[in-house]
Amino acid sequence: MATVLTTAIDVCFNPQNSDTKKHSLFLKPSLLRQSRTRKLNISCSSLKQPKTLEEEPITTKTPSLSEQLKPLSATTLRQEQTQILSKPKSVWVNPTRPKRSVLSLQRQKRSAYSYNPQIKDLRAFAQKLNSSNFTEKSEFLSLLDEIPHPPDRDNALLVLNSLREWQKTHTFFNWVKSKNLFPMETIFYNVTMKSLRFGRQFQLIEEMALEMVKDGVELDNITYSTIITCAKRCNLYDKAIEWFERMYKTGLMPDEVTYSAILDVYSKLRKVEEVLSLYERAVATGWKPDAIAFSVLGKMFGEAGDYDGIRYVLQEMKSMDVKPNVVVYNTLLEAMGRAGKPGLARSLFNEMLEAGLTPNEKTLTALVKIYGKARWAKDALQLWEEMKAKKWPMDFILYNTLLNMCADIGLEEEAERLFNDMKESVQCKPDNFSYTAMLNIYGSGGKAEKAMKLFEEMLEAGVQVNVMGCTCLVQCLGKAKRIDDLVYVFDLSIQRGVKPDDRLCGCLLSVMALCESSEDAEKVMACLERANQKLVTFVNLIVDEKTEFETVKEEFKLVINATQVEARRPFCNCLIDICRGKKRHERAHELLYLGTLFGLYPGLHNKTIKEWSLDVRSLSVGAAETALEEWMRTLANIVKRQEDLPELFLAQTGTGTHRFSQGLANSFALHLQQLSAPFRQSDRAGIFVATKEDLVSWLESKFPPLVTSQA
DNA sequence: CTAGGGTTAG
């Protein structure tokens, strides 16, 4: 796309294609890295010379603008990237030629408003129009005739500026225009277009723009930036670019407002290289970008999770002596979060405070989210204390983000305090996500009683239950063996419109695996059947001893393929647990094998020369036991064949701090004990170690040659 | 929202 744009620039201002030189930007590490993987698309010399404006007069043609531009964009502008890349980048190495501007360093001038003595009457009239409800356009039009003063230029402009809904602004504009009292100037279009933009009426905006062209009304930078940002908000990026190109072709230079608007368009299209190319060209011709432009760049790098890019933005601002404002800091903080740099986010936040800026709701939301995801409980709590002490602004989103942070870190009391604050507030009443966060906290903390109470409260308050809240409750009630409550919650949730997803099914499946009585298991099974009939059929199939392995394999493939990727391993884990619960150990081994075969357990086995290890951190209790047994069988065979073994063997369960792996280390230790396997707890939590010597002698006793040779 | 550009959750 930048090729398109670069071309548009060149067509009008740079016919010789000789303006640019290699800029320091392309020597920056992050970009060099980028250019290694994908050549920068910055060359423009290979494009054919487009038709000149004389050949394609765009102001007088009758068909639509896009039709007019079509031949140009289809034939000349949309070259294959490979063609461009195949050309040497010679255009960039030409320091002697002067650089051509790609943007005007002066902003669009605005006309001054003069005092209107009728302001009071006209404001009142506009308010009346604003508060009127009408179903027919004619009703509104008849109201317009009550205008207290004649709709001359200044009066009309004042009213136009005071109207809110786009329908009213648009109708008023056309009404004034039809009176023919004065020629409609650019500002009338601009004001109306802005209102239309709030209503995301791109089509109407484009119609107005074409009307301007037809009537010979000048389109200025304000017009173009409004059109472009409206197209952007409507996700019509092609349109945004089309109008930007058109602007150049009519001989109008964008100023920095229009230019940063288009930078944002390319950024939203994730055209990082193009954005940088445009940025560089503008800077090379004397532009000093402002905070908004840097915010655009920062957001772009944030979305790419590109830490080097974020650093580059900070460096550029420093070298150009542009002080970041709160919005820039917010953007960069968010970006640091996405780039997985909580520590740097914290430093940046401190820098912001030292610069004397006050964080707003968005700043705090970004930071709380980062600390929560990083499980930095200390920093999160400290920030929270600071927020309260300094009375920094809070809003609804920040409250919910704080609640989610509490869920991430497991802060029950703090969450309860927050939740109560929300209930007592006027502005920030808890919504279904606030409730879900609380259910998550109670659920992962095993507080079944509190969770149930909250669920009832939610129902009474008429708060919509969502699938995540339902899942949290089901998990919690399942662990607490409150199966009747579980069924009640599930039924009600379905009644209230919850659509079960694979996570919820996985959760039901895991509860089924935990059920001690078949009566309970059947109740859970009945729930699961309503959510995922095929899964239940598969469960019945695998617990049936008579089912052949090949059948299991085929059905497994079908079930797993139909499951969302993130739920596949949990499914397989639960299925293994169910089989072990029903003493179908061999079936459990088959399922583990199938899971491995279909890539659900990458990195389960790890080998170095010195040690072999088994990483069961993402496995359920039953799956981990099965994996251990399988490993021992394999090792026994290796011993029998007298092949080489390393000195050390290691099994890794993780520390169990994560709520889903809680108890794995303990149950694994117990299983080792039952097998009297020679693994010992290491100094590091969640790691079990055995020496080659101990393990071999144990394997020889456990799997005597005679028995296995029979098998 | 008083003619134009940038930032927040699940």
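Chain naming here is simple, since letters A, B, ... match the order of the sequence lines and numbering starts at 1 in each. Remember, predicted model here, so these are calculated numbers, not experimental data.
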(request) Indicate, yes or no, whether a donor-acceptor pair under 3.5 Å links the base of B:dG6 to the side chain of A:Asn330. (result) no
(message) Side chain of A:Asp395, heavy atoms from C-beta onward: which of B:dG6, B:dT8, B:dA3 has the nearest atom to it?
(response) B:dT8
(message) Please determine whether a side-chain nitrogen or oxygen atom of A:Arg503 lies at a distance below 4.0 Å from atom OP1 or OP2 of B:dG10.
(response) no
(request) Find the distance A:Leu333:CG to B:dT7:P and express it as a whole number of Å. (result) 15 Å
(message) Tell me if the side-chain of A:Asn404 makes a donor-acceptor pair with the base of B:dA9, cut-off 3.5 Å, by modelled atom types.
(response) no
(message) Between A:Tyr189 and A:Phe173, is the ring centroid distance below 6.0 Å?
(response) yes
(request) Answer yes or no: does a side-chain N or O of A:Lys168 lie under 4.0 Å from OP1 or OP2 of B:dC1? (result) no
(request) Could you check whether A:Asn466 gets within reach of a base, just the sugar-phosphate, or nothing at all, counting any heavy atom under 4.0 Å? (result) nothing
(message) What contact category does A:Asp264 fall into here, base, sugar-phosphate, or nothing, at under 4.0 angstrom with non-hydrogen atoms?
(response) sugar-phosphate
(message) Parallel, tilted or perpendicular: which one describes the rings of A:Trp376 and A:Tyr371, with boundaries at 30° and 60°?
(response) parallel
(message) With a cut-off of less than 4.0 Å, is there a side-chain N or O of A:Arg233 near OP1 or OP2 of B:dG6?
(response) yes
(message) What is the separation between atom CD1 on A:Ile292 and atom C1' on B:dG6, rounded to the nearest whole Å?
(response) 5 Å
(request) Side chain of A:Lys369 only, please: which of B:dG5, B:dA3, B:dG10 is the nearest? (result) B:dG10
(request) Round to a whole Å and report the spacing from CG of A:Asn130 to P of B:dC1. (result) 13 Å
(request) Take atom CD of A:Glu566 and atom C1' of B:dG10, then tell me their distance rounded to the nearest Å. (result) 15 Å
(request) Give a yes/no answer on whether the side chain of A:Lys232 brings an N or O atom under 4.0 Å of OP1 or OP2 in B:dG6. (result) yes
(message) Taking donor-acceptor contacts at under 3.5 Å, does the side chain of A:Asp431 reach the base of B:dG10?
(response) yes
(message) The test is salt bridge (charged side-chain N to carboxylate O under 4.0 Å, His left out); show your working for A:Glu211 and A:Lys177 and say whether it passes.
(response) CA-CA 12 Å; A:Glu211 189 180 301; A:Lys177 192 180 180 217; 2.7 Å; yes
(request) Please work out if A:Val326 contacts a base, only the sugar-phosphate, or nothing of the nucleic acid, heavy-atom cut-off 4.0 Å. (result) nothing
(request) Kindly say whether, by distance alone, the side chain of A:Thr192 makes a donor-acceptor pair under 3.5 Å with the base of B:dA3? (result) no
(request) Test the A:Lys341-A:Tyr307 pair against the cation-pi criterion, namely NZ or CZ under 6.0 angstrom from the six-membered ring centroid and within 45° of the ring axis. (result) yes
(message) Is the ring pair A:Tyr259/A:Trp287 parallel, tilted or perpendicular, if the boundaries are 30 and 60 degrees?
(response) perpendicular
(request) Choose from B:dG5, B:dG6, B:dT8 the nucleotide whose nearest atom is closest to any side-chain atom of A:Asp290. (result) B:dG5
(request) Select one nucleotide: of B:dT8, B:dG5, B:dC1, the one nearest the side-chain heavy atoms of A:Ile397. (result) B:dT8
(request) Output the single nucleotide from B:dT2, B:dG5, B:dT8 whose closest atom is nearest the side chain of A:Ser162. (result) B:dT2
(message) Using a 4.0 Å heavy-atom cut-off, does A:Arg197 contact any base of the nucleic acid, only the sugar-phosphate backbone, or nothing at all?
(response) sugar-phosphate
(request) Identify whether any heavy atom of A:Ser111 sits under 4.0 Å from a base atom; if not, whether one sits that close to sugar-phosphate; answer base, sugar-phosphate or nothing. (result) base
(message) Of the listed nucleotides (B:dA3, B:dA9, B:dG5), which one gets closest to any side-chain atom of A:Ala261?
(response) B:dG5
(message) With a 4.0 Å cutoff (strictly under), does any side-chain N or O of A:Lys299 reach OP1 or OP2 of B:dG6?
(response) no
(request) Take A:Phe244 and A:Tyr266 through the ring-ring contact (aromatic ring centres under 6.0 Å, His included) test and state the conclusion after the steps. (result) CA-CA 12 Å; A:Phe244 188 58; A:Tyr266 281 102; 7.7 Å; no
(request) Find the distance A:Gln127:CD to B:dT2:C1' and express it as a whole number of Å. (result) 11 Å
(message) What I want to find out is whether A:Lys423 reaches A:Glu457 closely enough, with some N-O distance under 4.0 Å, to be called a salt bridge.
(response) yes
(request) Please state the C1' separation for the pair B:dT2 and B:dT7 - nearest whole angstrom. (result) 23 Å
(message) Just the rounded figure in Å: distance from P of B:dG5 to CZ of A:Phe294.
(response) 20 Å
(message) Heavy atoms from C-beta onward define the side chain here; which of B:dG5, B:dT7, B:dG6 lies closest to that of A:Thr331?
(response) B:dT7
(request) Side chain of A:Phe396 only, please: which of B:dA9, B:dG5, B:dG6 is the nearest? (result) B:dA9
(message) What I want to find out is whether A:Glu414 reaches A:Arg417 closely enough, with some N-O distance under 4.0 Å, to be called a salt bridge.
(response) no
(message) In whole Å, measure the gap between the P atoms of B:dG6 and B:dC1 for me.
(response) 14 Å
(request) Taking only the side-chain heavy atoms of A:Ala291 (C-beta and beyond), determine which of B:dG6, B:dA3, B:dA9 contains the nearest atom. (result) B:dG6
(request) Measure the distance from CD1 on A:Ile187 to P on B:dA3 and round it to the nearest whole Å. (result) 7 Å
(message) Quiz question: going by heavy-atom distance under 3.5 Å, is there a donor-acceptor pair between the base of B:dT2 and the side chain of A:Asn161?
(response) no
(request) Classify the nucleic acid contact of A:Thr258 as base, sugar-phosphate or nothing, counting any heavy atom under 4.0 Å across all strands shown. (result) base
(request) Please work out if A:Val191 contacts a base, only the sugar-phosphate, or nothing of the nucleic acid, heavy-atom cut-off 4.0 Å. (result) sugar-phosphate
(request) Look at A:Arg338 and B:dT8 and indicate whether a side-chain polar atom (N or O) is within less than 4.0 Å of OP1 or OP2. (result) no
(request) Could you state the atom-to-atom distance from CZ of A:Phe244 to P of B:dG5 in whole Å? (result) 15 Å
